[in-house]
Amino acid sequence: MTIKLLTIESYRSIQKLELNLQQLNLITGHNGCGKSNVYKALNLLAQAVNGQLASNIANEGGIPSIMWSGHRNRTKFNDRSSRLNLSVNTNEYCYRMSIGIPIPVPGSMFYLDPEVKEEQIWVGPKPRISNLILDRKANTTFTYDLNNQKTTYPFCLNLSESVLAQLKEPQRYPELFNLSSAIRNWRFYHSFQTGTNSLIRAPQASVRSTILNDDGSNLAAAIRTIYEIDDIELFNELIADAFNGAQIDIVDPHQKAKFEIKFKQANLFRALEASELSDGTLKYICLVTALLTPRPPEVLILNEPEMSLHPDLIPHLAKLIANASNNSQIIVTSHSRELQAKLTTRYHANLIQLELGNNGTQISGNNDLGNE
Ligand SMILES: Nc1ncnc2c1ncn2[C@@H]1O[C@H](COP(=O)(O)OP(=O)(O)OP(=O)(O)O)[C@@H](O)[C@H]1O
Ligand SMILES: [Mg+2]
């Protein structure tokens with residue numbers, strides 16, 4: 001299921017933004033224009049489907065702080081204009097979620113919890129009675145069967161969470177279940193923390209891993225999994241091309257189910273360990289591992305992957321991203337001119353340039369990227 005259209009309303013710097021997406025998408029723009037906010041909005045939607053909407057919003061400071069602050073009186077619980085709306089039109093279903101402030105309960109300290117005010121799932125470009133599959137309004141939720149028979153969803157829903165996270169009886173609601181598992185499988189990578197005490201640098205449990213964790217903490221196991229079940233030649237070629245013929249081996253030196261990375265460089269007598277590698281080297285190895293996953297997701301979202309990489313690595317990164325777009329829809333945010341040039345001219349990425357104006361983040365018609 002690929003995303004054709006993403007609509008975000010009243011989320012951080014975004015008042016209203018509609019993005020038409022293709023298989024390979026590059027979102028660029030000046031610092032502060034809202035690139036990461038697009039990434040976070042998609043992540044929020046995925047978290048909502050995982051039942052993490054309330055905790056995610058609480059971690060970000062509560063619903064009023066994540067809403068676009070360009071309107072006054074934003075915190076009215078009953079005002080339709082003070083809602084955060086997220087919607088995705090995929091090639092199969094469309095899903096819209098509208099989140100707002102809860103009805104105040106005297107004495108309650110949970111007044112910053114989000115409340116899911118509306119949720120709709122439908123087939124086709126616009127929601128109509130004839131193509132709705134689900135319609136949630138406050139605490140009443142209806143589902144529609146193939147004959148447009150409207151039925152009240154029989155379970156009581158938690159108002160702070162998406163219906164897709166609370167779905168019971170998947171066999172009775174197969175479309176809803178398909179959509180929720182598609183969104184749940186979106187994969188996000190933001191930045192790999194590679195400081196001295198990073199888990200990426202430490203020995204790691206030798207658990208077969210077809211997916212790199214979003215913090216890179218199973219890097220050694222994920223590399224070994226690629227070696228055993230997938231395209232080891234491409235992996236080796238990408239590492240060798242980027243680092244002057246270097247090679248990576250994974251070892252379990254004490255046979256204690258703890259994997260370690262050995263990085264062999266042509267000019268050194270001994271292999272280096274993960275703890276000795278540079279931040280940029282480790283980040284690039286993480287990106288190669290994430291993008292050569294033996295289990296590609298339907299949608300893969302990368303936020304500013306060029307961070308800490310030397311400009312020489314950017315053409316390699318572009319090739320890696322383009323290669324991954326053969327198996328996954330890719331949405332990448334970046335302010336690297338080099339990555340933009342490579343992805344758009346060589347790999348024909350859909351370029352979305354953002355700018356920050358009085359009405360928040362907008363699509364820019366101007367192709368000058370400005371400062372990086
Ligand atoms: N609730 C809010 N209302 C309005 N604007 C907000 C809100 N929260 C954050 N912002 C604005 O969002 C912008 C930051 O957006 P974001 O982090 O997406 O930028 P970016 O394009 O990723 O920048 P960079 O290239 O520096 O990473 C800032 O301009 C900030 O002022
Ligand atoms: Mg950013």
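On a predicted model such as this, the values are computed, not experimentally measured, just so you know. Note that ligands are numbered from 1 as they come in the structure, with each ligand's atoms numbered from 1 the same way.
The protein heavy-atom contact nearest to atom 11 (C) of ligand 1 is S13 CB, 3.6 Å. Among protein heavy atoms, atom 8 (N) of ligand 1 sits closest to R12 NH1, 3.5 Å. Protein heavy atom nearest atom 27 (O) of ligand 1, with residue, atom name and distance: E304 OE2, 3.0 Å. The protein atom (non-hydrogen) at minimum distance from atom 24 (P) of ligand 1 is N31 ND2, 3.5 Å. Counting protein heavy atoms only, atom 17 (O) of ligand 1 is closest to S36 CB, 3.7 Å.
Crowding of Q247 atom CD: a count of heavy atoms from other residues, nucleotides or ligands under 6.0 Å not exceeding 12. Around the CZ atom of F110, the shell of radius 6.0 Å holds no more than 12 heavy atoms that belong to other residues, nucleotides or ligands.
Closest to atom 14 (C) of ligand 1 by heavy atom, among I14, N37, I27, is N37. Of the options Q15, E60, K40, K35, the smallest heavy-atom separation from atom 21 (O) of ligand 1 is shown by K35. With S334, S69, G32, A41 as candidates, the residue nearest to atom 20 (P) of ligand 1 on a non-hydrogen basis is G32.
Short contacts between ligand 1 and G34, defined as distances under 4.0 Å to a heavy atom of the residue, involve ligand atoms 15 (O), 16 (P), 18 (O), 19 (O), 20 (P), 21 (O). Atoms of ligand 1 found under 4.0 Å from any heavy atom of H30, numbered from 1 in the order shown, are 21 (O). Taking every heavy atom of L356 and a limit of under 4.0 angstrom, the matching atoms of ligand 1 come to 29 (O). Each of the atoms 3 (N), 4 (C) of ligand 1 lies under 4.0 Å from some heavy atom of W68. Those atoms of ligand 1 that come under 4.0 Å of a heavy atom in H335, given as number and element, are 25 (O). Counting the atoms of ligand 1 from 1 in the order shown, those under 4.0 Å from a heavy atom of M67 are 1 (N), 2 (C), 3 (N).
For the salt bridge (charged side-chain N to carboxylate O under 4.0 Å, His left out) criterion with R83, the lone passing option out of E9, E118, E115 is E118.
The distance from the Mg ion (ligand 2) to the nearest N/O/S atom of N303 is not under 2.8 Å.
Checking side-chain atoms of T225 against main-chain N and O of R208 turns up no donor-acceptor pair under 3.5 Å. Judged by distance alone, the side chain of N89 and the main-chain N or O of C94 form no donor-acceptor pair under 3.5 Å. Looking at T7, its side chain never comes within 3.5 Å of a backbone N or O of E18 through a donor-acceptor pair. Side chain of K283 to backbone of M307: no donor-acceptor contact under 3.5 angstrom is found. Between the D241 side chain and the L238 main chain, no donor and acceptor come within less than 3.5 Å of each other.
The protein does not reach atom 30 (C) of ligand 1 closely, with no heavy atom under 4.0 angstrom from it.
Using a 4.0 Å cutoff on heavy atoms, S65 counts as a contact of ligand 1.
In summary, E60 and R12 engage in a salt bridge, as defined by a charged side-chain N under 4.0 Å from a carboxylate O.
Distance check: N323 CG to L24 CG gives 11.0 Å after rounding to the nearest 0.5 Å.
E304 has its closest N, O or S atom to the Mg ion (ligand 2) at the position named OE2.
Side chain to side chain, Y173 and S180 fail the donor-acceptor criterion of an N or O pair below 3.5 Å.
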